[in-house]
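Quick caveat, the model's predicted, so the values are computed rather than measured. Whatever order the structure lists them in is the order used to number ligands and atoms, beginning at 1. Numbering starts at 1 and runs along the sequence shown.
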Amino acid sequence: MKDSKRIISPLFIIERYIKFLVVIWTIIVATSLIWSIIRIKKETVEEARIQAQISYVKDILYRRWNAMHGGVYVPVTEETQPNPYLSGIPERDITTPSGRHLTLMNPAYMTRQVYGLMEEKYGVIGHITSLNPIRPENSPDAWETKALQAFEQGKTEVSSIEEIEGKEYFRFMHRFITEENCLKCHAEQGYHQGDIRGGISVSIPMEPLRAIEHRHIVTFSVVHSLLWLVGLGGIILSMQEIRRSEQERKQAEEELRKKTDELARSNAELEQFASAVSHDLKEPLLAITIGLKLLKKRYEDKLDSEGDSLITDTIDEAIQMQTLISDMLLYSRVGTGGKPFVPTDCATVLNRSLANLRIPLEQSGAVVTHDPLPEVMADPIQLSQLLQNLISNAIKFRREEKPSIHISALRKEKEWVFSVSDNGIGIPSEYSAEIFEIFQRLHNKKEYPGTGIGLATCKKIVERHGGHIWVESEPGEGSTFYFTIPDKEKSI
Ligand code: ADP
């Protein structure tokens with residue numbers, strides 16, 4: 001059957017993440033550039049609009065000035081001939097006392113001349129027009145006609161970008177209201193004060209503005225490209241850095257895996273060796289012990305006292321060796337021989353430990369009490385072994401009075417802190433770490449029998465469960481052994 005679960009490597013995820021970052025960064029920079037270009041283009045049109053408005057306002061002002069004076073007299077020249085459309089006005093042409101000929105120039109005539117100059121010098125086209133012009137030359141073009149029609153619909157201003165003779169212009173037109181002064185020339189056409197008489201159109205050449213706009217766009221494009229490159233460089237550098245550390249992590253993981261495998265292998269080998277050795281040793285040892293006991297029984301009275309005590313000591317040594325082998329076997333099996341963790345009721349486990357310790361408990365007259373104990377995820381056999389070791393030590397390292405042993409458990413953050421306290425001989429603080437090492441004992445075998453493996457086994461069991469163990473003690477005041485068991489989720 002095919003394995004349906006696909007393992008996605010962290011590097012693959014990182015690379016996808018980086019690609020995503022590059023795309024996002026490109027989108028951000030591109031969006032910013034597009035937005036900037038749109039803004040620059042809008043500003044160009046706004047600039048043209050401002051120029052057109054200023055030009056229009058000025059036209060209105062000097063026209064008004066002219067109209068305020070009922071027209072102004074200017075010398076008659078080749079370019080400035082008397083205006084035929086003012087022929088109806090008395091004193092259109094006058095002669096100064098010195099004989100100079102002057103002719104009346106009305107706002108329209110003046111504007112026309114100024115517009116001529118303006119177009120020649122700056123390319124700005126001005127036009128005063130209406131749907132009903134006095135001069136046929138003032139007739140509107142197609143765009144102006146539309147604008148004039150829009151004014152009649154109530155619009156005050158019309159503008160757009162248009163082409164005039166193949167060149168781009170910003171065309172602007174403002175409606176023109178008949179003022180009192182205008183009626184001097186335009187009353188004949190039937191206009192009244194306040195009527196919309198037409199419009200002034202101004203066409204601003206876009207070429208110089210577009211040149212400025214182009215420069216801005218180029219600058220912005222260059223700046224954005226640089227910014228994009230810098231960001232891209234940053235992303236690539238950090239990607240390389242992440243890749244490097246990911247590779248290092250993988251290598252370290254691989255090495256750790258190899259070491260763990262090696263350790264597991266050597267542990268398994270050690271365990272095999274220990275079981276083989278213990279099995280091979282146990283039987284002859286048992287035979288030796290039985291033989292020695294028989295020897296003692298049969299020849300106890302026939303040997304002298306030195307012979308008797310020699311046999312007794314040898315039996316003790318053989319028993320000690322049996323205990324040592326069993327303890328070592330227990331110690332070596334903590335790692336590899338453990339059972340899976342299951343929900344474990346600690347009170348039940350404690351009762352099992354106490355049952356195993358029935359004889360020493362009875363002999364010592366020990367009193368064991370405990371608080372309510374929780375359920376934890378653990379290997380129940382090992383947890384029972386752990387409590388058994390601690391309680392048996394509490395019985396063994398007692399003072400004159402009867403041992404009083406108390407077991408409790410306290411919930412702290414994400415773990416349970418268990419304690420086993422006694423009223424025994426206590427431990428000098430300088431040895432509080434050492435006693436958890438294998439074969440470390442603070443007393444000789446005559447004083448207190450033992451192998452020095454019990455606490456090392458406890459430590460191994462606690463660590464297998466993800467906790468830690470320590471002791472707090474005062475010589476002569478008793479000891480409290482603490483160990484923690486993480487409060488893991490129950491496996492379903
Ligand atoms: P063992 O009990 O076989 O000597 P352990 O590894 O169980 O070995 O203990 C190591 C040493 O720690 C003991 O020899 C003893 O000196 C000290 N010890 C352990 N438990 C206690 C206790 N409850 N009170 C005083 N000393 C203790």
List, ordered by chain and residue number, the protein residues whose closest non-hydrogen atom lies under 4.0 Å from any atom of ligand 1. Asn393, Ala394, Lys396, Phe397, Asp422, Ile425, Gly426, Ile427, Ile435, Gln440, Arg441, Leu442, His443, Gly450, Thr451, Gly452, Ile453, Gly454, Leu455, Ser479, Phe481
Pairwise side chain to side chain donor-acceptor pair (under 3.5 Å) hits with a residue in residues 392-408, at least two apart: Thr369-His406, Asp371-His406, Ser408-Ser419
With sequence neighbours left out, what residues match Phe151 under ring-ring contact (aromatic ring centres under 6.0 Å, His included)? none
Using a distance-only test with no angle check, is there a side-chain donor-acceptor pair under 3.5 angstrom linking Tyr448 and His443? no
Does anything in residues 24-36 form a side chain to side chain donor-acceptor pair (under 3.5 Å)? List the pairs, not counting sequence neighbours. Thr26-Trp228, Ser32-His224
Under the salt bridge (Lys or Arg N to Asp or Glu O under 4.0 Å) rule, what do Arg244 and Glu248 come out as? Steps first, then yes or no, please. CA-CA 6 Å; Arg244 203 180 49 76; Glu248 275 176 11; 2.7 Å; yes
side-chain contact (heavy atoms from CB on, under 4.5 Å) partner of His465, the single match among Thr484, Val376, Ile485: Ile485
